[in-house]
Q: 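Could you have a look at this structure, given as structure tokens, before my questions?
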Amino acid sequence: MNVYKPKPVSGFPEWLPEERLIEQQWMDHIRKVFESYGFCSIETPSVEELDVISAKGEVDKEIYVLERLHKEDGDSGKEARLALHFDQTVPLARYVAQHFNDLVFPFKRYQIQRVWRGERPQAGRFREFYQCDIDVINVDALPLHFDAEMPAIIWEVLSGLPGMETEKIQLRVSNRKILLGLLDDIDCDQVEVLRILDKIEKIGEQETLELLQSLSGDISGFAHVLVKLAAIKAINSGELEKKLQDINDEYILSSSSESYVKGVGDLKAILNYLSHLPEGAVVADLSIVRGLDYYTGTVYETVFTDDPGYGSICSGGRYDDLASSYINKKLPGVGISIGFSRLFDRLRQQGNFDISRKSPADILMILPDEEHRETAANAARILRKRNFNVELYHAPQKIKKQLSYAERKGIPYVWFPDLHQVKDMKRQTQAEATPEHWQPEKD
RNA sequence: GCGGCUGUAGCUCAGUGGUAGAGCUCUCGGUUGUGGUCCGAGUUGUCGUGGGUUCGAUCCCCAUCAGUCGCCCCA
């Protein structure tokens, strides 16, 4: 016999039932918190036309395109090329533009879907993964309060996830206007400068400085100031103010830049709005700039405090006008996205999950013999009506075998319909019970 | 796309120039209807793929594919 030996497809994760059970709990929790802030749910197709994804110009992302196997040679010119979306922001922009007249603004939506990126998989990096996005989009102008609401929601979501109890995380906030404002008068490649400053935590201040000084343009004389700025971390607006002042005293920043002043002001205001969160939950970190080019103001990143190198598990920011490629309106927005799969897989590998239950069943109904099948089925029906999940064992096999089955599946209770008794597998106790009145003991 | 490491049973891995092993898992049993422990028995592999060296290769060489880590980039 020749069998095809399956191999996992790298970067396309799948979980065992016990892990999937936790994953579903996570999604339920996330949805509940999002909805508690009034966000509504939408779902967009897995694919967009390639023209939509590349509307802003060239696409340097690793995007999967879809192709029909039986496509004929002449077809290619007629059909729009389809691509799997690599984030949920571009589909959102298209969605908002398309349904503009039917939406109520500010439009607050959440979206929990898979996205695809054809990058090389690594720890915490997949080619197919879930993102949980929330965004607020408004017409013409969007209040700054929303920039502060994002981290508050995320903090509530993340700190309430099963398995996160022992994890320390930190939301880092900055504003792109701060560094960009200072770079305005300087002849340099701004994107390249930000890209280098973004690495400061990884490569250190010294190497960051050297990289900046190796750039062409007028940057080298200014590099040490930028490094000092990017190194700033502050847990509240007072500390941020002070640290900026220190640098200003020493180097006489050209803080006359309108953009710089606005960026600092917005960032301080956000920190003040978030003062109700535990200290250190959200910090200002001026090295955060984010790679995506559409962010224009506030930017977010989230890391494990003890392992920032794992990468951001939740990022986002503010954009002035995302949908300009699709509609002739000004639609500013702010959004943030939980890297669900990255976060989930880390906690899974660390063994943070209680994976004792491999089935949603609360009760295994024993089938003692064929004569008791009706009695057993009936008891199961009554219990199901009372919102218990009940599995009726499939064959009148030895009790030993049926119990072993419950044990292996992690089903916490076993019901003996002939004896009118329930066994608590964990406590190893067995007691009389009726399907109409039985209640599990509280933990 | 670039660089390092790896590729042997379902899983984790050992091993030798002369056609392979351990642990775990799994299945069954340990008589009279109550799981996890323990004991006993049993199943499992084209030693990633193709070529070369050799009397002979899973072990040496080359290529290739796949995995993995780092870079790039990002959730």
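Letters go in sequence order (proteins before strands), and every chain restarts at 1.
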Q: Quickly work out the A/Asp198 CG to B/C72 P distance and round it to whole Å.
A: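 Rounded to whole Å, this separation is 10 Å.
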Q: Whole-Å distance between B/A75 C1' and A/Ile112 CD1?
A: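 Result: 14 Å.
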Q: Nearest-nucleotide wise, let me know which of A/Ala123 and A/Thr302 is further upstream toward the 5' end of RNA chain B.
A: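 Closer to the 5' end of RNA chain B: A/Ala123.
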Q: Do the side chains of A/Arg94 and A/Glu48 get close enough for a salt bridge, i.e. N-O under 4.0 angstrom?
A: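 Yes.
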Q: Let's test this: given Watson-Crick or G-U wobble pairing with both distances under 3.5 Å, identify the partner of B/G3.
A: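 Partner of B/G3: B/C69.
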Q: Angle between ring planes, A/Tyr110 versus A/Phe34, binned at 30° and 60°: parallel, tilted or perpendicular?
A: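 It falls in the tilted class, 30° to 60°.
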Q: Which residue pairs satisfy the salt bridge (charged side-chain N to carboxylate O under 4.0 Å, His left out) criterion with at least one member in residues 123-134 of chain A, sequence neighbours excluded?
A: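 Only A/Arg114-A/Glu128, A/Glu119-A/Arg125 qualify under salt bridge (charged side-chain N to carboxylate O under 4.0 Å, His left out).
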Q: Using a 4.0 Å heavy-atom cut-off to protein, can you give one letter per nucleotide of nucleotides 1-7 of chain B, 5' to 3': B if the base is in contact, S if only the sugar-phosphate is, - if neither?
A: BB-----
Q: Per the atom types in the model, does the base of B/A75 pair as donor or acceptor with the side chain of A/Arg125 at under 3.5 Å?
A: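 No, no donor-acceptor pair under 3.5 Å.
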Q: Could you let me know what B/C38 is paired to, Watson-Crick or G-U wobble, both distances under 3.5 Å, or none if it's on its own?
A: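 Paired with B/G30.
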Q: Side chain to side chain donor-acceptor pair (under 3.5 Å), that's the test. Do A/Lys401 and A/Tyr405 meet it? Break it down for me.
A: CA-CA 6 Å; A/Lys401 205 157 182 186; A/Tyr405 179 80; over 6 Å; no
Q: Does the ring of A/Phe129 meet both stacking tests against the six-membered base ring of B/A75: centre distance under 5.5 Å and plane angle under 30°?
A: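 Here A/Phe129 meets both the 5.5 Å and the 30° conditions.
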Q: Would you mind classifying the nucleic acid contact of A/Phe340 as base, sugar-phosphate or nothing, using non-hydrogen atoms under 4.0 angstrom?
A: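 No contact.
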Q: Give me the distance, rounded to whole Å, that separates B/U49 from B/U8 when you measure between the C1' atoms they each carry.
A: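 Per the computed distance, 15 Å lies between those C1' atoms.
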Q: Who does B/U64 pair with, Watson-Crick or G-U, both distances under 3.5 Å?
A: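 The answer is B/G48, by the H-bond criterion.
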Q: Of A/Arg342 and A/Arg127, whose closest RNA chain B nucleotide lies nearer the 5' terminus?
A: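 Result: A/Arg127.
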Q: So what's B/A9 paired with, Watson-Crick or G-U wobble, going by both distances under 3.5 Å?
A: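 For B/A9, the partner nucleotide comes out as none, under the 3.5 Å rule.
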Q: Could you tell me how far B/C65 sits from B/G40 if I compare only their C1' atoms? Round to whole Å.
A: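 B/G40 and B/C65 have their C1' atoms separated by 44 Å.
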Q: Tell me whether the count of non-hydrogen atoms from other residues, nucleotides or ligands lying under 6.0 Å of CD in A/Glu370 goes above 12.
A: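 Yes, the 6.0 Å shell around CD holds more than 12 heavy atoms from other groups.
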Q: Which part of the nucleic acid, if any, lies within reach of A/Lys409 when heavy atoms closer than 4.0 Å are counted: base, sugar-phosphate only, or nothing?
A: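 Counting heavy atoms under 4.0 Å across all strands, no contact is made by A/Lys409.
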Q: May I have the step-by-step check of side chain to side chain donor-acceptor pair (under 3.5 Å) for A/Gln111 and A/Thr44, ending in yes or no?
A: CA-CA 8 Å; A/Gln111 210 167 334; A/Thr44 63; 3.0 Å; yes
Q: Any salt bridge linking A/Lys108 with A/Glu35? Criterion: basic side-chain nitrogen under 4.0 Å from a carboxylate oxygen.
A: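 Looking at A/Glu35 together with A/Lys108, the answer is no, because their closest N to O distance does not fall below 4.0 Å.
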Q: Generate the contact string for nucleotides 31-43 of chain B. Rules: B means base contact, S means sugar-phosphate contact only, - means no protein heavy atom under 4.0 Å.
A: --BBBB-------
Q: In whole Å, I'd like the distance from the CG atom of A/Leu194 to the P atom of B/C74.
A: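 A/Leu194 atom CG is separated from B/C74 atom P by 11 Å.
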Q: Determine the interatomic distance between C1' on B/C55 and the same-named atom on B/G17; round to the nearest Å.
A: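 Per the computed distance, 12 Å lies between those C1' atoms.
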Q: Does B/U19 have a Watson-Crick or wobble mate here (both distances under 3.5 Å), and if so which one?
A: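 B/U19 is paired with nothing.
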Q: Is the charged tip of A/Arg348 near the ring of A/Phe353: under 6.0 Å from the six-membered ring centre and within 45° of its axis?
A: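 That pair does not qualify as a cation-pi contact.
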Q: Specify the separation, in whole Å, of atom CZ of A/Arg117 and atom P of B/C72.
A: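 Taking CZ of A/Arg117 and P of B/C72, I get 17 Å after rounding.
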Q: Roughly how far apart, to the nearest Å, are B/G36 and B/C26 at atom P?
A: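 These two P atoms come out 11 Å apart once rounded.
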Q: What's the gap between B/U6 and B/G48 when it is taken at their P atoms, as a whole Å value?
A: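 It comes out at 14 Å once rounded to the nearest Å.
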Q: With C1' as the reference atom in both, quote the distance from B/U68 to B/C62 in angstrom, rounded to an integer.
A: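 Approximately 23 Å lies between the C1' atom of B/U68 and that of B/C62.
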Q: Calculate the interatomic distance between A/Glu119 atom CD and B/C69 atom C1'; express it in whole Å.
A: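 These atoms are roughly 16 Å apart.
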Q: Using 30° and 60° as the class boundaries, would you call the ring planes of A/Phe12 and A/Tyr64 parallel, tilted or perpendicular?
A: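 Geometry flag for A/Tyr64 against A/Phe12: tilted rings.
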Q: Between A/Gln131 (CD) and B/A75 (P), how many Å, whole number?
A: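 The answer, rounded to whole Å, is 7 Å.
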Q: Is it true that A/Phe388 and A/Trp438 have ring centroids separated by less than 6.0 Å?
A: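 Centroid distance A/Phe388-A/Trp438: below 6.0 Å, so yes.
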Q: Check whether the ring centres of A/Phe146 and A/Tyr37 lie less than 6.0 Å apart, and answer yes or no.
A: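 Distance test on ring centres: not under 6.0 Å, no.
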Q: How long is the line joining CD1 of A/Ile196 and C1' of B/C72, in whole Å?
A: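 Atom-to-atom, A/Ile196 to B/C72, this comes out as 14 Å.
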Q: Just how far, in rounded Å, is C1' of B/C74 from CG of A/Leu343?
A: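 Spelled out: CG on A/Leu343 to C1' on B/C74 is 16 Å.
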Q: Between B/G50 and B/A57, how many Å separate the two C1' atoms, rounded to a whole number?
A: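 Rounded to whole Å, the distance is 15 Å.
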Q: Suppose you measure atom C1' in B/G15 against the same atom in B/G51; what distance do you get, rounded to whole Å?
A: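 Comparing C1' positions in B/G15 and B/G51 gives a spacing of 25 Å.
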